[in-house]
Amino acid sequence: MDFAGTLLNWYNDNKRPLAFRATTDPYKIWLSEIILQQTRVEQGMPYYHSFTNAYPTIVDLANAHEDAVIRLWQGLGYYSRARNLHQTAKIVANQYGGKFPSTYTEIAQLKGIGPYTAGAIASIAFGEKAAAVDGNVYRFLARYFGIETPAPSEKARKEFTAIVLDLMGNAHPGTFNQALIEFGALQCKPQSPACLLCPFNSSCYALAKGRVNELPVKNKMAARRTRYFNYFIIKNDKQLLLQQRTAKDIWQQLYEFPLVETKEPHP
DNA sequence: AACCCGTGGAC
DNA sequence: TGTCCAAGGGT
């Protein structure tokens, strides 16, 4: 059994029955990919259902008020995803006649869609042979082949894209990409991967070399700053004072209590 | 290329 | 309690 065959057999036996896998609607596949960017499946799934329920088609989403879209997104984080989602819906509705573009090149030009998401949509919704290299794919292949190129980086993205396209062969691109992602998420996990039960354990570089915990090589994350927001709750019997964040900053366009920001907690 | 953008679960 | 970081993309 070759790599693709082994992977697809594993996927057939182990894949989760996720709602966005039960549709061929490019709109819903796109929506699921945007929601799942840097977001766990368990956290994103309620939002996927909320959006598909509130906006059954991409034209419905395009016709919504942006405030309503952002409000429905509230709690998910990375709100630029919601703004780009709405903007892209309007472009598809107005410039593509409500029909989602069907090629990687066209899809990749839309806002909020980068190399990973374009590859995912093109392959899953339209069967185009494109790679969808996310963190799961990078981890699995870095371990399996012993690749030490630090990620995320442009160099790593190109290197892994070429490998995926080669491994894919003539398999269905969308199924193969989802299998690769699901394998990374469920089997070749970041911590304590299930190597004893892994169908690739007889040919995995990292397992053979005892380097499972050293791969993949990751670029160190930028240090995070801590910000302190001190809110004033101003209200009377009927009214609550809120202000909208219009600045190009965190929580742009969301509403909040009046506040002062300080460098230390509790001034 | 480096930094920014959120939230919540795992440890 | 603190740190890490997830189906990344924009600038």
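By convention in this document, chain letters (A, B, ...) are assigned in the order of the sequence lines, proteins followed by strands, and residues within each chain are numbered from 1.
Contact annotation for A:K218: backbone-only contact, meaning every heavy-atom pair under 4.0 Å involves sugar-phosphate atoms and none involves a base. Across all strands, A:G44 comes closer than 4.0 Å to no nucleic acid atom at all (heavy-atom distances).
The distance from atom OH of A:Y47 to atom C1' of B:dG6 is 10 Å, rounded to the nearest whole Å. Counting to the nearest Å, the P atom of B:dA1 and the CD atom of A:E154 are 7 Å from each other. In this entry the distance linking CD of A:Q74 with P of B:dG8 reads 11 Å, nearest Å. Taking atom CG of residue A:N219 and atom P of nucleotide B:dA2, one finds them 8 Å apart after rounding to whole Å. With rounding to whole Å, A:N213 atom CG is found 14 Å from B:dC11 atom P. Between the CD1 atom of A:I70 and the P atom of B:dT7 there is a distance of 13 Å, rounded to whole Å.
In this structure, A:L76 and A:Q191 both approach DNA chain B, and ranking their closest nucleotides by distance from the 5' end singles out A:L76. Nearest-nucleotide mapping onto DNA chain B: of A:E42 and A:G77, the residue sitting toward the 5' end is A:G77.
Remark: the backbone N or O of A:K111 is not paired with any side-chain donor or acceptor of A:N84 at under 3.5 angstrom.
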Any N/O pairs under 3.5 Å between the protein and nucleotides 7-11 of chain C? List them or say none.
from   : atom 1 : to     : atom 2 : distance (Å)
C:dA7  : OP2    : A:N136 : OD1    : 2.8
C:dA7  : O5'    : A:N136 : ND2    : 3.2
C:dA7  : O4'    : A:D134 : OD2    : 2.7
C:dG8  : OP1    : A:G135 : N      : 3.2
C:dG8  : OP2    : A:Q38  : N      : 3.0
C:dG8  : OP2    : A:Q38  : NE2    : 3.0
C:dG8  : O5'    : A:Q38  : N      : 3.4
C:dG9  : OP1    : A:G114 : N      : 2.9
C:dG9  : OP1    : A:G114 : O      : 3.4
C:dG9  : OP1    : A:T117 : N      : 2.9
C:dG9  : OP1    : A:T117 : OG1    : 2.6
C:dG9  : OP2    : A:Y116 : N      : 3.3
C:dG10 : OP1    : A:G112 : N      : 2.7

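Tested against A:F183 for a ring-ring contact (aromatic ring centres under 6.0 Å, His included), the candidates A:Y144, A:F3, A:F176, A:F200 yield a single pass: A:F200.
Of the P atoms belonging to C:dA7 and B:dC3, the separation is 24 Å, rounded to the nearest Å. Comparing C:dC5 with B:dC5, their C1' atoms sit 14 Å apart, to the nearest whole Å.
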Pair A:V69-A:Y55, side chain to side chain contact (heavy atoms under 4.5 Å, CB included): steps then yes or no: CA-CA 10 Å; A:V69 176; A:Y55 310 117; 4.0 Å; yes
Worked check of side chain to side chain contact (heavy atoms under 4.5 Å, CB included) between A:L61 and A:Y27: CA-CA 10 Å; A:L61 177 58; A:Y27 158 60; 4.0 Å; yes
Worked check of side chain to side chain donor-acceptor pair (under 3.5 Å) between A:T57 and A:D60: CA-CA 5 Å; A:T57 72; A:D60 296 324; 3.0 Å; yes
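For residues 82-123 of chain A, the pairs satisfying ring pair (Phe, Tyr, Trp, His ring centres under 6.0 Å) are A:W30-A:F100, with sequence neighbours left out.
Listed by chain and residue number, A:R16, A:R21 satisfy the salt bridge (charged side-chain N to carboxylate O under 4.0 Å, His left out) test with A:E182 (two or more places apart in sequence, or in another chain).
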